[in-house]
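This report refers to the structure that appears directly beneath it.
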Amino acid sequence: MSVQTSDTIDTRQEFAARILDWYDRSARVLPWRVPPGSNAVPDPYRVWMAEVMLQQTTVAAVAGYFERFTVRWPTVADLAAADDADVMAAWAGLGYYARARNLLACARAVVAEHGGRFPDNEAALRALPGVGDYTAAAVAAIAFGQPAVVVDANIERVIARHRLIETPLPAAKRGIKAALAPLVPAARPGDFVQALMDLGAGICTPRSPACAICPVMADCRARGRADIERLPVKPAKKAKPQRHGVAHWIERDGCIWLVRRPEKGMLGGMRALPGGEWSGTPVESELSESGIAQVDHGFTHFDLRLTLVRGETPPEGPDAAGEGEWWPLSTLDAAGLPTLYRKLIDRLRETDG
DNA sequence: AAGACGTGGGC
DNA sequence: TGCCCAAGTCT
């Protein structure tokens, strides 16, 4: 599918000029960002760290994590030398935990294969763990000033509307990228990318876009359409199944028994309360109401009702699933438990005292 | 290539 | 309340 650009008011240069001019006046101030007009040089490590944290995650949720990570591990070499458990615990609560495992693997690859410096081109970045099409292009543009074609959900929305691309995602991705490519300026490509993302986040929003103050409304093909919120067209969502599970509260001498979940799968590599598989049928303790706490937690592709029961002893022997450790109750907050378990324990404290 | 993979906030 | 959504990647 080809996208016509010859009928626009803006020339290619004018589009970028309007975007950059708007950015110079309206750029968000963010901890990982070099402000427009600053002479500071972006640190590729910080740019990469922020991009990974921001995958499918809001700016507000990332800010505190970014601060803690970069203070604790100021360079990629520091992160590469960190203990896996410390990094996983520090990531707890941010979600999509494969990112934390890949973050560490990537840092170690940069040290082992690139002498501790991030590669400056999209192809080499793309080969690093946890770095996909988006992140490779974003780091190339923002950290290294390369005119990469960066497409995230914000830019998808901006371009799908501006060019009135009605093809449903993800098929529309190719056309969106093709439409964006000729608009990327040779100068300030990193600011251009960040400007487009700010525009999508603040002006060209999913609902109630502020078209009246958009810097490129003049030639936006979706402007004024009653159904502009429909763009980009997304596939229908599937129903989420309900699952049920049990977690065990095993306490001894002021300590609680924690396990580490397998690397693959849900909450992979994270500390957790011991428990069985999560299945489609209610657990016995749920039906008999013998649990000491319960939580309903929504994941991306299923809902979970987790029931906490008091246990006597940890599983013993080599057949016990996963390794475990006695963790002092007084420092349980520092264990780095995923939100699911933190919620469950909060519920226990509310009711149990 | 469709599904797995977390969480919190906005409306 | 419940649904939608967010600077995606991996398999």
Side-chain angles (χ1 to χ4, degrees), chain A residues 27-28 30-33 46-66 88 91-103 105-106 125-143 148-158 168-171 173-174 190 192-202 204-209 229-230 232 234-241 243 261-270 272 278 295-304 306 336-343:
Chain A
R28 287 179 291 178
L30 300 171
W32 46 85
R33 175 176 285 181
R46 292 168 62 89
V47 172
W48 160 77
M49 173 86 67
E51 291 307 332
V52 173
M53 288 184 169
L54 286 161
Q55 291 166 8
Q56 297 289 287
T57 309
T58 58
V59 165
V62 163
Y65 286 85
F66 179 82
M88 298 310 290
W91 197 275
L94 199 54
Y96 284 148
Y97 298 101
R99 292 184 296 171
R101 288 180 263 123
N102 286 329
L103 191 81
C106 182
L125 287 162
R126 180 67 179 80
L128 293 167
V131 177
D133 289 341
Y134 162 75
T135 302
V139 173
I142 298 169
V149 183
V150 182
V151 179
D152 77 317
N154 287 303
I155 298 176
E156 268 176 6
R157 186 169 56 255
V158 170
L169 290 171
K173 192 108 172 179
R174 177 179 296 275
F192 178 73
V193 165
Q194 295 177 90
L196 243 25
M197 291 193 279
D198 275 19
L199 190 68
C204 195
T205 49
R207 290 170 305 283
S208 304
E229 296 183 351
R230 191 173 59 80
K234 297 196 170 182
K237 296 197 169 21
K238 304 177 69 173
K240 287 197 292 187
R243 295 189 188 171
R261 294 181 60 85
E263 291 289 312
K264 305 271 183 185
M266 288 295 296
L267 313 178
M270 300 298 289
W278 303 336
V295 67
D296 289 301
H297 190 73
F299 291 113
T300 306
H301 58 293
F302 65 90
D303 291 317
L304 176 68
L306 190 61
L337 292 172
T339 300
L340 167 68
Y341 297 105
R342 201 175 47 65
K343 278 167 62 176

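A, B, ... follow the sequence lines: proteins, then strands. Residue 1 opens every chain. Just so it is clear, the model here is predicted, and its values are computed rather than measured.
Less than 4.0 Å separates DNA chain B from no heavy atom of any residue of residues 130-140 of chain A. Across residues 48-57 of chain A, A:Glu51, A:Leu54, A:Gln55, A:Gln56 each have a non-hydrogen atom less than 4.0 Å from an atom of DNA chain C (numbered order).
Ranking C:dC10, B:dT7, C:dA6 by closeness to the A:Asn102 side chain, first place goes to C:dC10. Each of C:dG8, B:dT7, C:dC4 was ranked by its minimum atom distance to the side chain of A:Arg207; first place goes to C:dC4. Comparing B:dC5, B:dT7, C:dC4 against the side chain of A:His301 picks out B:dC5 as the nearest. Of the candidate nucleotides C:dA6, B:dC5, B:dT7, B:dC5 has the atom lying nearest to any side-chain atom of A:Tyr96.
Rounded to the nearest 0.5 angstrom, A:Leu128 CG and A:Trp48 CH2 are separated by 8.5 Å.
Atom pair A:Ile155:CD1 and C:dG8:C1' shows a separation of 13 Å (rounding to whole Å applied). With rounding to whole Å, A:Leu337 atom CG is found 11 Å from B:dT7 atom P.
A:Thr58 contributes no side-chain N or O that forms a donor-acceptor pair with the base of B:dG9 under 3.5 Å.
Under 4.0 angstrom from either OP1 or OP2 of C:dC3 there lies no side-chain N or O belonging to A:Lys238. OP1 or OP2 of C:dA6 has at least one side-chain nitrogen or oxygen of A:Arg157 nearer than 4.0 Å. For A:Lys234 and C:dC4, the shortest distance from a side-chain N or O to OP1 or OP2 is not below 4.0 Å. For B:dG6, neither phosphate oxygen OP1 nor OP2 lies less than 4.0 angstrom from any side-chain nitrogen or oxygen of A:His297. A:Arg99 has no side-chain polar atom (N or O) that falls below the 4.0 Å cut-off from OP1 or OP2 of B:dA4.
With contacts defined as side-chain heavy-atom distances shorter than 4.5 Å, the pair A:Trp32/A:Met49 does not qualify. Residues A:Thr57 and A:Tyr65 are not in side-chain contact: their nearest non-hydrogen atoms beyond the backbone lie 4.5 Å or more apart. For the pair A:Phe66/A:Leu30, no side-chain contact is recorded, criterion being any heavy-atom separation below 4.5 Å from C-beta on.
Among the heavy atoms of the strands lying under 4.0 Å from A:Arg28 is at least one base atom, whether or not backbone atoms are also near. The residue A:Trp91 sits apart from the nucleic acid: no heavy atom pair falls under 4.0 Å. Within the 4.0 angstrom heavy-atom criterion, only backbone atoms of the sugar-phosphate kind lie near A:Pro129; the bases stay farther away. Here A:Leu196 lies out of heavy-atom contact (under 4.0 Å) with every strand. Within the 4.0 angstrom heavy-atom criterion, only backbone atoms of the sugar-phosphate kind lie near A:Thr339; the bases stay farther away. Using a 4.0 Å heavy-atom distance criterion, A:Gly298 is classed as a base contact.
Closest approach of A:Met88 to A:Ala100, counting heavy atoms only: SD-CB, 3.7 Å. The two atoms that bring A:Ile155 and A:Val193 nearest to each other are CD1-O, 4.1 Å, heavy atoms only.
In this structure, A:Ala60 and A:Arg101 both approach DNA chain B, and ranking their closest nucleotides by distance from the 5' end singles out A:Arg101. Residues A:Leu128 and A:Asp152 both approach DNA chain C. Their nearest nucleotides, taken by heavy-atom distance, put A:Asp152 toward the 5′ side.
When atom types are taken as modelled, the side chain of A:Arg126 and the backbone of A:Val131 share a donor-acceptor pair closer than 3.5 angstrom.
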Evaluate the salt bridge (charged side-chain N to carboxylate O under 4.0 Å, His left out) criterion for residues A:Arg33 and A:Asp198: first the C-alpha distance (whole Å), next the side-chain angles of each, then the deciding distance (0.1 Å), finally the verdict.
-> CA-CA 12 Å; A:Arg33 175 176 285 181; A:Asp198 275 19; 2.9 Å; yes
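For the residue pair A:Tyr134 and A:Glu51, a side-chain donor N or O sits within less than 3.5 Å of a side-chain acceptor on the partner.
Here the separation of C:dT11 from B:dG6, taken at their P atoms, is 14 Å to the nearest Å.
Note: A:His297 and A:Phe299 meet the aromatic proximity criterion, with ring centroids under 6.0 Å apart.
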